[in-house]
Amino acid sequence: RKEVEQDPGPFNVPEGATVAFNCTYSNSASQSFFWYRQDCRKEPKLLMSVYSSGNEDGRFTAQLNRASQYISLLIRDSKLSDSATYLCVVNDGRQGGKLIFGQGTELSVKP
Amino acid sequence: DAGVIQSPRHEVTEMGQEVTLRCKPISGHNSLFWYRQTMMRGLELLIYFNNNVPIDDSGMPEDRFSAKMPNASFSTLKIQPSEPRDSAVYFCASSLDQINLSEAFFGQGTRLTVV
């Protein structure tokens, strides 16, 4: 089983749609969770951290379910500029530990 | 803030040649990571350093790969000898305090092609 698993997609949605991405992780000791965004042929960049109580940043909402070891990202009112690959990132639970990236979910927003 | 700086941006080399990739982390960051990205395997962590000391190199594929961090502002990833299967984008990233599990900032990557 991979340490971090995501549906690779692609997700093809029209502008204005709501889209949700899911991610599962295998290490119950993991403490920190993030969503990164990667545009084609660019480096990954932090989109948002994921907090235990869930958090929202504009059109983006992240949720964490520790019991199920599951993370989600919801994008509302999707824009053409949201087209990218979204990477779920989990730390390995150790002090000074490493960040483990999922394979990414590709999103394509169409006019 | 110049961000994480990698060089070269692109490298094309012949099989068997030595390749050296370079990285300058963000000033003040104490953790540095080397990742490799391919279509087939996604983003893989090769090695990471904390305070210039290698912490985990379990992702380094084989002895042909080596990494150094002689000081807080510079790191290299070397492949000797290179093979076509090493073709990938190599990213360097740094973070301020990995103990507190802060975010990683990535460089623009080095696109390596081994022919």
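First the proteins, then the strands, lettered A, B, ... as listed; each starts at 1.
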Given the rule that I, L, V, M, F, W and Y join up when any side-chain heavy atoms are under 4.5 Å apart, are [X] and [Y] in one cluster?
{"X": "B:I55", "Y": "A:L99", "answer": "yes"}
{"X": "B:L43", "Y": "B:Y48", "answer": "yes"}
{"X": "B:I79", "Y": "B:V89", "answer": "no"}
{"X": "B:V19", "Y": "B:F65", "answer": "yes"}
{"X": "A:L74", "Y": "A:V109", "answer": "no"}

Please flag which part of [X] lies under 4.5 Å from any non-hydrogen atom of chain A: side chain, backbone, both or neither.
{"X": "B:R41", "value": "backbone"}
{"X": "B:T38", "value": "neither"}
{"X": "B:Q37", "value": "side chain"}

Any residues in residues 6-17 of chain B near chain A, with a heavy-atom distance under 4.5 Å, and which are they? none
Any chance [atom1] of [X] has more than 12 other-residue heavy atoms, nucleotides or ligands included, within less than 6.0 Å?
{"X": "B:E83", "atom1": "CD", "result": "yes"}
{"X": "B:D63", "atom1": "CG", "result": "no"}
{"X": "A:Y51", "atom1": "OH", "result": "no"}

Between [atom1] on residue [X] and [atom2] on residue [Y], distance to nearest 0.5 Å:
{"X": "B:L45", "Y": "A:K98", "atom1": "CG", "atom2": "NZ", "result": "6.0 Å"}
{"X": "A:E43", "Y": "B:Y35", "atom1": "CD", "atom2": "OH", "result": "14.0 Å"}
{"X": "A:M48", "Y": "B:E103", "atom1": "CE", "atom2": "CD", "result": "12.5 Å"}
{"X": "A:R41", "Y": "B:Q108", "atom1": "CZ", "atom2": "CD", "result": "13.0 Å"}

Without swapping roles, check the side chain of A:Y36 against the backbone of B:A104 for a donor-acceptor pair under 3.5 Å. yes
